[in-house]
Amino acid sequence: MQATLHQLKVFEAVARHSSFTKAAEEMMITQPTVSTQVKQLTQTIGLPLFEQIGKQLYLTEAGEALLSTCQNIFEQLDNLEMQIAALKGTKQGRLRLGVVSTAKYFVPRVLGHFCQQYPGIDIALQVTNHATLIQRMHDNQDDLYILSQPPEDLALSTQPFLDNPLVVVARQDHPLAGEKNIPIKSLAGEPFIMREQGSGTRLSVQKLFERYKVAVKVRLELGSNEAIKQAIAGGLGISVLSQHTLIAEQLMGELTILDVQHFPIHLRWYVTHLEGKQLSIIAETFLQFLLENSNHVPLLGTLALQSGTLLGNHQGDLVKMG
């Protein structure tokens, strides 16, 4: 087979985006060039690689097989580049990291410190929702993943590295603000702002409410922590958020953490990768860096107290989700 590396890269981009246009934009070449490269590769393979149904582009069986081969080739080339860099006494290359949206509040800080120590490393950071991240895991699209609830149906190598407390957040003038040891059943009937279906935070909250038979009125479903905080500040209801989302929060003068029984919900952040995956030198380096430096990740503390936020004194309930 006389396929060129460039043709394989173009094909992989088209397959990943399911779009010739987006592949062209990513690779900074024209769409006709993309079409030509895929056409030449198709002729080399001798079988169609894509089929179009309506406006949607799908991989054929031959395309699926070629995509898997491309991913293996590119991974091996990345590893070779990193091994050569290591032999030269340097660490350089690319780290592909996938994280759930809530982790964006602390992961960039960690990456900043990491890149200061290893300036030759480039980071490809994908921030997405829980469901999409799980799909990325299935497709083996990244080196490492950071999330709070690893899936149980995948063979993973998983290590906890940081606490992820979930707290009840309300506006400062909420009737329950300032109360101590609020019974969890007091939340029944409260207008509630929930994360979208499938969100890890929502799953944890629903499990706790089911345990204590608490029924809340879901007024809004939002897919963004920032949107939820704005909705709380706007008086639309209360919510449960990761305490990490409140670090350096500009709205701390408007928001407060309610001292509710069985909160915070004590989750952990996990770093994970597919079991059996051969991690690159860069991925191994970042994994060790994360595990060794996670205790330096800031969490809401004196900042909250200075802003008048009430932190609950309860130990909370451990909710284990995978």
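Note that the coordinates shown come from a computational prediction; the quantities given were computed from them, not determined experimentally. For the numbers below, each heavy atom of this structure counts, side chains included, while hydrogens, waters and symmetry mates do not.
- Not a single salt bridge (Lys or Arg N to Asp or Glu O under 4.0 Å) links D153 to another residue, sequence neighbours left out.
- Formation of a donor-acceptor pair under 3.5 Å by the R268 side chain with backbone atoms of P160 is not found in this model.
- L111 places none of its side-chain heavy atoms less than 4.5 Å from the side chain of P108.
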Output side-chain donor-acceptor pairs under 3.5 Å for residues 69-77, partner residues at least two apart or in another chain, one line each.
unit_1 : atom_1 : unit_2 : atom_2 : d
T69    : OG1    : A65    : O      : 3.0
N72    : ND2    : S68    : O      : 3.3

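- Two residues are said to be in side-chain contact when any heavy atoms from C-beta on lie closer than 4.5 Å; L8 and L66 meet this criterion.
- Checked by atom type and distance alone, the side chain of D143 never pairs as donor or acceptor with a backbone atom of L95 at under 3.5 Å.
- Looking at heavy atoms from C-beta onward, N129 lies in side-chain contact with E196 at the 4.5 angstrom threshold.
- The salt bridge (Lys or Arg N to Asp or Glu O under 4.0 Å) pairs that include a residue from residues 45-68 number zero, where partners must be two or more places apart or lie in different chains.
- Interatomic distance, F50 CZ to F11 CZ, rounded to the nearest 0.5 Å: 4.5 Å.
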Using the rule given for side chain to side chain contact (heavy atoms under 4.5 Å, CB included), can you reason through L241 versus I228, listing the C-alpha separation, both sets of side-chain angles and the distance that settles it, and then say yes or no?
CA-CA 9 Å; L241 294 169; I228 289 176; 3.9 Å; yes
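- Within a 6.0 Å radius of NZ in K9, no more than 12 heavy atoms belonging to other residues, nucleotides or ligands are found.
- Using cut-offs of 30° and 60° on the angle between ring planes, the pair H244 and W269 is perpendicular.
- The main-chain N or O of Q31 is found under 3.5 Å from a side-chain atom of S35 such that the two form a donor-acceptor pair.
- Nearest heavy atoms, A177 versus T256: CB-CG2, 4.0 Å.
- Using a 4.5 Å cut-off on side-chain heavy atoms (C-beta onward), L208 and F263 make contact.
- For Q7, the side chain to side chain contact (heavy atoms under 4.5 Å, CB included) test picks out A3, T4, Q37, Q40, L41, with sequence neighbours left out.
- In this structure a side-chain-to-backbone donor-acceptor pair under 3.5 Å is present from D259 to N181.
- Residues satisfying the ring-ring contact (aromatic ring centres under 6.0 Å, His included) test with Y145, not counting sequence neighbours, are none.
- V214 approaches A188 most closely through the heavy-atom pair CG1-N, 4.0 Å.
- Closest of all the heavy-atom pairs between I146 and A103 is CG2-CB, 4.2 Å.
- Ring-plane geometry between F289 and F286 is classed as parallel, the angle between the planes falling under 30 degrees on a 0 to 90 degree scale with a further cut at 60.
- Residues that satisfy the side chain to side chain contact (heavy atoms under 4.5 Å, CB included) test with Q56, not counting sequence neighbours, are S18, Y58.
- The distance from atom CG of L267 to atom CD of Q149, rounded to the nearest 0.5 Å, is 6.0 Å.
- Evaluated for a side chain to side chain contact (heavy atoms under 4.5 Å, CB included) with I282, the options L287, I121, D122 yield exactly one hit, I121.
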Check the pair E226 / K229 against salt bridge (charged side-chain N to carboxylate O under 4.0 Å, His left out), numbers first and verdict last.
CA-CA 5 Å; E226 294 304 311; K229 287 187 285 186; 3.0 Å; yes
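- Using a 4.5 Å heavy-atom cutoff, the side chains of M137 and L154 are in contact.
- Summarising the geometry of M194 relative to V205, their closest heavy-atom pair is CE-CG1, 4.0 Å, with the distance given to 0.1 Å.
- Contact detail for L222 and A231: the closest heavy-atom pair is CD1-CB, 4.1 Å.
- In summary, E25 and K22 do not engage in a salt bridge, as defined by a charged side-chain N under 4.0 Å from a carboxylate O.
- In this structure, NE2 on H130 lies 6.5 Å from CG on L203, to the nearest 0.5 angstrom.
- The distance from atom CG of L290 to atom CZ of F114, rounded to the nearest 0.5 Å, is 10.0 Å.
- In this view, R16 and E12, E26 satisfy the salt bridge (Lys or Arg N to Asp or Glu O under 4.0 Å) rule, not counting sequence neighbours.
- If you check the side chains of N164 and S148, you find a donor sitting under 3.5 Å from an acceptor.
- The main-chain N or O of I182 is never found under 3.5 Å from a side-chain atom of S186 such that the two would form a donor-acceptor pair.
- Between M27 and A13, the shortest heavy-atom contact is SD-CB, 4.1 Å.
- Side-chain atoms of K213 do not come within 3.5 Å of backbone N or O of K185 as any donor-acceptor pair.
- In the model, H273 has no side-chain atom that pairs as donor or acceptor with a side-chain atom of Q278 under 3.5 Å.
- Panel note: side chain T272, backbone S157; a donor-acceptor pair is recorded below 3.5 Å.
- Looking at heavy atoms from C-beta onward, V10 lies in side-chain contact with I29 at the 4.5 angstrom threshold.
- Applying the side chain to side chain donor-acceptor pair (under 3.5 Å) rule to S199 yields no partners; only residues at least two apart in sequence or on another chain are considered.
- The line from NZ of K217 to CD1 of I193 is 12.5 Å long, rounded to the nearest 0.5 Å.
- Applying the side chain to side chain contact (heavy atoms under 4.5 Å, CB included) test to A215 and every residue at least two apart in sequence or in another chain returns nothing.
- A donor-acceptor pair is defined here as one N or O able to donate and one able to accept, closer than 3.5 Å; such a pair exists between the side chain of R219 and the backbone of L236.
- Under 3.5 Å, the side chains of T44 and Q2 contain no donor-acceptor pair of N or O atoms.
- Of the listed residues (R136, R94, K277), just one forms a salt bridge (charged side-chain N to carboxylate O under 4.0 Å, His left out) with D142, and that residue is R136.
- In this structure, the separation between CG on L67 and OG1 on T60 is 10.5 Å, given to the nearest 0.5 Å.
- Between the H17 side chain and the S19 main chain, no donor and acceptor come within less than 3.5 Å of each other.
- When the salt bridge (Lys or Arg N to Asp or Glu O under 4.0 Å) test is applied to E221, the partners found at least two apart in sequence or on another chain are R202.
- Residues T102 and N225 have side chains that bring a donor and an acceptor to within less than 3.5 angstrom of each other.
- For the residue pair T33 and T30, a side-chain donor N or O sits within less than 3.5 Å of a side-chain acceptor on the partner.
- Partners of Q135 under the side chain to side chain contact (heavy atoms under 4.5 Å, CB included) rule, at least two apart in sequence or in another chain, are H138, D139.
- Side chains of V38 and V14 form a contact here, defined as non-hydrogen atoms less than 4.5 Å apart.
- In terms of modelled atom types and a separation under 3.5 Å, the side chain of T285 and the main chain of I281 share a donor-acceptor contact.
- By the ring-ring contact (aromatic ring centres under 6.0 Å, His included) test, F192 is found to be paired with F209, residues two or more places apart in sequence or in another chain being considered.
- By the 4.5 Å heavy-atom criterion applied to side chains, L166 and T201 are counted as neighbours.
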